[in-house]
Protein chains: 2
Amino acid sequence: MKRKATINDVAKAAGVSKGLVSFALNDRPGVSAENRDRIRDIAQALDYRPSVSARSLSTRTSYALGLVIARDPEILGADPFFPSFIAGVERVFLHEGRALVLSVVGDEQHEATVYRTLAADARVDGVFLTDLRHDDPRIPLLHELGMPAVTLGRPEGGAGSEPRPFPVVTLDDTPGIVAVTQHLIDLGHRRIAHVIGPHRMLHASRRNAAFAQTLAAAGLPADLVVETDFTAEQGASATGRLLDLADRPTAIVYGNDPMAIAGIGLAHERGLRLPDDLSITGFDDSELARYVYPALTSVRTDPLRWGEAAARVLLQLVAEGSAADVDLEPARVVTRASTGPAPRA
Amino acid sequence: MKRKATINDVAKAAGVSKGLVSFALNDRPGVSAENRDRIRDIAQALDYRPSVSARSLSTRTSYALGLVIARDPEILGADPFFPSFIAGVERVFLHEGRALVLSVVGDEQHEATVYRTLAADARVDGVFLTDLRHDDPRIPLLHELGMPAVTLGRPEGGAGSEPRPFPVVTLDDTPGIVAVTQHLIDLGHRRIAHVIGPHRMLHASRRNAAFAQTLAAAGLPADLVVETDFTAEQGASATGRLLDLADRPTAIVYGNDPMAIAGIGLAHERGLRLPDDLSITGFDDSELARYVYPALTSVRTDPLRWGEAAARVLLQLVAEGSAADVDLEPARVVTRASTGPAPRA
DNA sequence: CTGAAAGCGCTTACAG
DNA sequence: CTGAAAGCGCTTACAG
């Protein structure tokens with residue numbers, strides 16, 4: 001590794017103090033235009049880049065942001081949401097000289113330890129909070145740690161009790177789940193099931209409430225709800241249980257695409273024709289949705305854009321101490337071949 | 001954020017110099033057992049954790065390792081390999097106090113810039129090199145930057161030309177591809193196609209060579225090879241082209257599971273029965289493989305374990321300046337319902 | 001507008 | 001075995 005130019009090298013070459021170099025390069029007032037330009041030219045010529053660790057030590061800033069994901073490592077790969085979300089975050093960070101520190105913890109027990117370590121080591125200046133839960137323990141924890149955060153979706157009421165709310169980046173999934181449910185009702189389905197993610201996650205119960213309301217508005221019961229952990233495995237077994245019912249559903253709404261694809265697999269396994277005997281819908285509209293058979297009707301949420309927006313908000317929060325909430329375009333249905341008219345009874 | 005205890009606080013509380021605290025906590029010789037224990041107790045009582053940035057500045061070490069992925073962000077989520085690999089890396093880092101700095105760059109053009117920035121900013125102490133390519137430009141680049149690295153799989157010969165080779169963690173995929181091809185031959189297939197990843201990637205051409213040899217040993221031609229970018233989209237279109245052939249294949253070997261699943265989708269779309277009319281195999285044995293219909297025969301590569309092993313090797317390389325290569329258990333076939341006897345001609 | 005100096009919190013020769 | 005001090009490369013009041 002060839003020796004890097006330091007601020008001292010630049011200062012010497014420019015015949016000024018290193019303090020002035022720092023001011024010039026950081027766009028702070030109090031440097032003559034002439035000196036500023038000259039210092040910048042010299043810095044560029046020397047290929048000078050400030051040392052992140054030295055800056056960090058001085059400014060008590062790490063120039064890195066964190067994402068802690070609490071899902072079983074084995075199954076993280078199954079759900080395309082996070083990779084796409086991360087890609088969106090990266091797109092913004094790349095231009096801002098920020099790094100993403102990623103942590104995958106198997107379960108929610110070790111989660112607190114990771115956040116505490118991240119804070120104690122000052123590894124990151126702020127974090128992304130995904131998969132919000134009811135009474136989410138991370139919110140008081142992060143407040144206690146004084147760690148800035150942005151949440152994906154709005155956390156529970158809190159009634160203004162918490163010190164200062166975190167900025168929120170929402171992508172309203174309600175219109176999507178309402179539309180996909182209504183789409184099935186319009187196709188004549190009367191027995192519609194919902195295979196959802198973990199109840200403790202806000203989005204799962206929020207979506208299920210929207211699902212139930214839409215059914216209720218049509219005078220239909222929402223009694224077929226199965227909770228899963230978002231894995232294809234549980235998606236398949238939930239499907240099996242639903243299809244075993246005497247009064248089995250003619251349509252199933254799934255909480256993510258992998259579970260829906262596993263549902264398609266199981267239905268085929270049992271000799272059902274799709275969508276003639278059973279309609280199926282997914283969530284997130286992953287790449288594969290288009291290419292399974294029958295092509296999967298899904299709800300598009302755009303995790304990539306969500307990542308970009310969240311990154312910008314978090315960066316602003318860290319830099320300025322506050323940031324406005326952002327509302328992204330709501331989720332919407334993408335209709336494909338996996339949904340069709342209800343079978344005649 | 002409550003003020004953290006610093007080394008000075010510990011030194012004062014213990015009535016010793018901070019140098020001695022540093023020695024005691026870093027397990028260096030020259031500290032009396034008595035003092036060492038006392039200092040450690042006090043450090044623990046004060047909940048002292050050394051500042052990463054201060055250490056970094058002193059030791060010129062970042063205590064972070066990097067992974068740069070050059071794939072289109074839009075499609076990164078489709079392939080479960082990386083999330084699982086990352087989860088494996090994390091499992092090791094968590095206990096070692098290391099952080100993973102992840103970078104997703106859309107294309108290979110910007111790749112060099114990212115590595116240079118990572119090196120110039122001393123963001124990471126070393127990197128993981130995945131998806132090795134022919135004449136891989138990253139290898140000379142990393143040597144130039146003096147950046148330690150571990151490669152997944154063995155890079156091309158090099159004939160001992162490079163300064164010092166990087167340690168390698170291999171998971172030999174040849175036995176897997178040979179076995180899956182032989183499996184199809186044994187089932188009576190004579191027209192077997194291969195839908196592979198980008199030719200410039202070593203594993204794609206290495207696997208294709210193994211594929212061709214296995215066919216050749218059985219007196220069969222390996223003329224049906226289609227190159228893709230690993231996306232489900234190209235997996236589907238490659239399948240379409242193969243099925244359009246007059247002398248179309250009765251079996252298709254795919255380079256990853258998403259492409260194979262898309263292949264299943266397209267075959268069904270065209271009214272083919274699987275495996276009666278067409279046998280299909282995937283690669284990596286992702287979670288979904290088990291749950292599609294028909295369940296996908298695949299080649300298991302265990303990205304999670306690969307990540308763990310690579311993390312350990314990289315950590316050792318950074319700490320000690322060298323590390324031995326590691327050979328993981330080779331890939332092997334997992335036979336499921338998507339492969340069956342060749343249709344009678 | 002500019003310079004000299006202190007300080008961030010560690011590690012590490014150097015003396016004793 | 002232990003202490004005092006320099007140094008890592010920045011930023012930031014403080015003087016002028």
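Residue numbering restarts at 1 for every chain, and letters A, B, ... go by the order of the sequence lines.
With a 6.0 Å radius and a threshold of 12 heavy atoms from other residues, nucleotides or ligands, A:Arg38 has its CZ atom above the threshold.
At D:dG7, none of the side-chain N or O atoms of B:Arg60 fall inside 4.0 Å of OP1 or OP2 (strictly under the cut-off). Between D:dT2 and B:Ser32, a contact under 4.0 Å exists linking OP1 or OP2 to a side-chain N or O. The side chain of B:Asn35 contributes an N or O atom lying less than 4.0 Å from OP1 or OP2 of D:dT2.
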Inset, instruction - Produce a footprint string for nucleotides 10-16 of chain C: one letter per nucleotide, 5' end first; B if the base is under 4.0 Å from any protein heavy atom, S if only the sugar-phosphate is, - if neither. - result: BBB----
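A salt bridge is defined here as a Lys NZ or Arg NE, NH1 or NH2 lying under 4.0 Å from an Asp or Glu carboxylate O, and B:Arg133 with B:Glu156 fails to meet this definition. Salt-bridge check for B:Asp325 with B:Arg154: passed, with a basic side-chain N closer than 4.0 Å to an acidic carboxylate O.
What separates NZ of B:Lys12 from C1' of D:dG3 is a distance of 16 Å, to the nearest Å. Rounded to a whole Å, the CZ atom of A:Arg36 is 10 Å from the P atom of C:dC1. Note: CG (A:Leu57) to P (C:dC8) measures 9 Å, nearest angstrom.
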May I have the list of side-chain donor-acceptor pairs in residues 308-321 of chain B shorter than 3.5 Å, sequence neighbours left out?
from     : atom 1 : to      : atom 2 : distance (Å)
B:Glu308 : OE2    : B:Arg91 : NH1    : 3.1

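Taking a pair as Watson-Crick or G-U with both hydrogen-bonding distances under 3.5 Å, the stems of three or more pairs touching DNA chain D are C:1-3 with D:14-16, C:5-12 with D:5-12, C:14-16 with D:1-3.
For A:Arg55 and A:Tyr63, the positive end sits near the middle of the six-membered ring, less than 6.0 Å away and at most 45° from its axis. Judged by the 6.0 Å and 45° rule, B:Arg28 forms a cation-pi pair with B:Phe23.
Counting heavy atoms from C-beta outward, A:Phe166 and A:Val150 have side chains that stay 4.5 Å or more apart.
Between the B:Trp306 side chain and the B:Leu328 main chain, no donor and acceptor come within less than 3.5 Å of each other.
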